[in-house]
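Notes to accompany the following structure.
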Amino acid sequence: MSKLKVGIIGTGFGALIQAPGFSMHPECEVVALAGVARPGRAAEQAAKLGIPHAYDDWQAMLAQEELDLVSVVSAPHLHHPMTIAALERRIPVLCEKPMALNLAEAQSMADAAQRRGLVGAIDFEFRHNPVRTRFKEMVQEGFLGDLVHFNLTMSLPAFERHVNRPMGWLWREENGGGMLGAIGSHLIDTLRWLLGDIDSVAARLSTHVAERQGEPVTADDTFAFLCQMAGSKATGIAQMLMYAHHGFDMRLEAFGTKGTLVLLGDQKLLAGRAGQSLEEVPLPARFDLPGVVYPENPDKHIPPFMVMVDNLVQAIRRTGAPGPSREYATFADGAAVQAVLDAIRQAHREERWVKVQR
């Protein structure tokens with residue numbers, strides 16, 4: 001069976017993580033890399049990575065290469081036109097998060113993939129960490145009972161690095177920048193996937209570094225929001241602090257009528273039934289894939305990314321049994337997350353509770 005030919009748009013995360021990741025999978029081959037803003041960068045990265053074709057024009061890559069999958073790893077304001085262009089050529093797409101600038105764009109992308117019967121996936125790779133997978137299984141098994149409340153916190157111990165980070169699309173709201181989209185989209189997908197849909201939100205976004213390289217910052221760098229969950233009385237609080245001298249990764253506490261689950265980063269899962277103490281839950285290894293050899297001390301994105309890639313390969317080839325083992329975040333999931341992002345931004349602007357659009 002021939003390998004799936006992959007084209008990547010983006011020379012940052014796309015070259016750093018995705019290109020090596022796809023290349024490690026025995027059924028994938030990265031055949032082309034396209035840059036966006038820096039002429040010559042794609043050729044430079046492609047030479048380092050052993051990718052045969054490089055383009056400064058992503059549209060030329062789509063026109064000239066015979067691709068089985070396109071990964072869109074550009075700034076968010078480019079996700080919609082790039083994804084639609086690939087789908088119009090009947091090429092399945094993996095799109096980085098946040099999916100788009102707004103729900104209208106995200107829904108347009110989801111509709112385009114559905115009309116053509118093509119795989120459309122969002123790179124929420126952290127779903128595939130064993131600790132999160134086991135958390136979801138225990139929720140489905142009824143360990144929590146009915147959800148009552150959750151607390152989700154995340155802080156990054158990178159104060160100096162981020163304070164001194166140069167200006168770029170990440171700090172421009174018009175380009176889809178901001179930590180709510182960059183990090184919050186992951187957190188919202190985690191909440192939806194593990195605990196269910198969010199019905200309404202109240203929120204506050206902050207910008208602590210107001211200027212970079214003489215240019216005003218228009219995007220958020222810290223956020224917090226309150227949630228009312230859909231179909232129940234359950235509530236929740238989520239917050240993310242970027243500018244911390246001492247960070248504590250992600251911590252998710254879920255309190256139910258029958259028990260409690262606590263996710264500590266992607267390293268530990270604690271569980272306790274009513275009347276009992278919290279104990280660590282043993283986690284099975286789930287990163288082992290046939291033909292995949294991980295590098296020593298791989299980047300934290302690589303192992304879960306590889307599981308997602310394997311699921312995408314099976315979906316594109318239409319093989320393998322449906323179910324959790326073949327799961328990946330679809331464009332419908334991406335649009336649902338985008339709806340929450342839009343509601344959070346509206347809640348911040350209008351200083352009120354906002355219902356999430358369905």
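For T207, there are no side chain to side chain donor-acceptor pair (under 3.5 Å) partners, not counting sequence neighbours. For the side-chain contact (heavy atoms from CB on, under 4.5 Å) test, residues two or more places apart in sequence or in another chain that qualify with Q213 are P166, M167. With sequence neighbours excluded, the residues satisfying side-chain contact (heavy atoms from CB on, under 4.5 Å) with T257 are D146, V148. In this structure, the salt bridge (charged side-chain N to carboxylate O under 4.0 Å, His left out) partners of K355, at least two apart in sequence or on a different chain, are D199. Residues that satisfy the side-chain contact (heavy atoms from CB on, under 4.5 Å) test with R349, not counting sequence neighbours, are R345, Q346. F13 pairs by the ring pair (Phe, Tyr, Trp, His ring centres under 6.0 Å) definition with H301, not counting sequence neighbours. With sequence neighbours left out, the side-chain contact (heavy atoms from CB on, under 4.5 Å) criterion links R116 to L87, E88, R90, A112, L118. In this structure S23 satisfies the side chain to side chain donor-acceptor pair (under 3.5 Å) test with no other residue, sequence neighbours excluded. Under the ring pair (Phe, Tyr, Trp, His ring centres under 6.0 Å) criterion, H186 pairs with F124, F126, not counting sequence neighbours. Listed by chain and residue number, nothing satisfies the side chain to side chain donor-acceptor pair (under 3.5 Å) test with Q357 (two or more places apart in sequence, or in another chain).
The side chain to side chain donor-acceptor pair (under 3.5 Å) test with R127 singles out one residue from T190, D189, N311, and that residue is D189.
Scanning all heavy atoms of the two residues, the minimum distance from D56 to G40 falls at OD1-N, 2.9 Å.
D197 has its side chain within reach of R192: a pair of non-hydrogen atoms, C-beta onward, lies under 4.5 Å apart. Side-chain contact between D266 and K300: absent, with no pair of heavy atoms (C-beta onward) separated by less than 4.5 Å. Side-chain atoms of L252 and L191, non-hydrogen and from C-beta on, do get closer than 4.5 Å to each other. Looking at heavy atoms from C-beta onward, L205 lies in side-chain contact with L180 at the 4.5 angstrom threshold.
There is no side-chain donor-acceptor pair under 3.5 Å between Q228 and W353. For the residue pair E174 / T218, a side-chain donor-acceptor distance below 3.5 Å is found, with atom types taken as modelled.
The CZ atom of F143 sits 9.5 Å away from atom CZ of R134, with the distance rounded to the nearest 0.5 Å. Rounded to the nearest 0.5 Å, atoms CD (Q114) and CZ (F331) are 12.0 Å apart.
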> When you look at R251 and L263, which way does the side-chain contact (heavy atoms from CB on, under 4.5 Å) test go after all the steps?
Replying inline: CA-CA 6 Å; R251 179 184 177 100; L263 188 156; over 6 Å; no

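Other residues sharing a hydrophobic cluster with L270 under the 4.5 Å side-chain heavy-atom criterion for ILVMFWY residues are V262, L264, L278.
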Please list, one pair per line, the donor and acceptor atoms closer than 3.5 Å that link side chains of residues 24-32 to other protein atoms, with sequence neighbours excluded.
residue, atom, partner, partner atom, Å
H25, ND1, E27, N, 3.0
H25, NE2, D310, OD1, 2.8
E27, OE1, R317, NE, 2.8

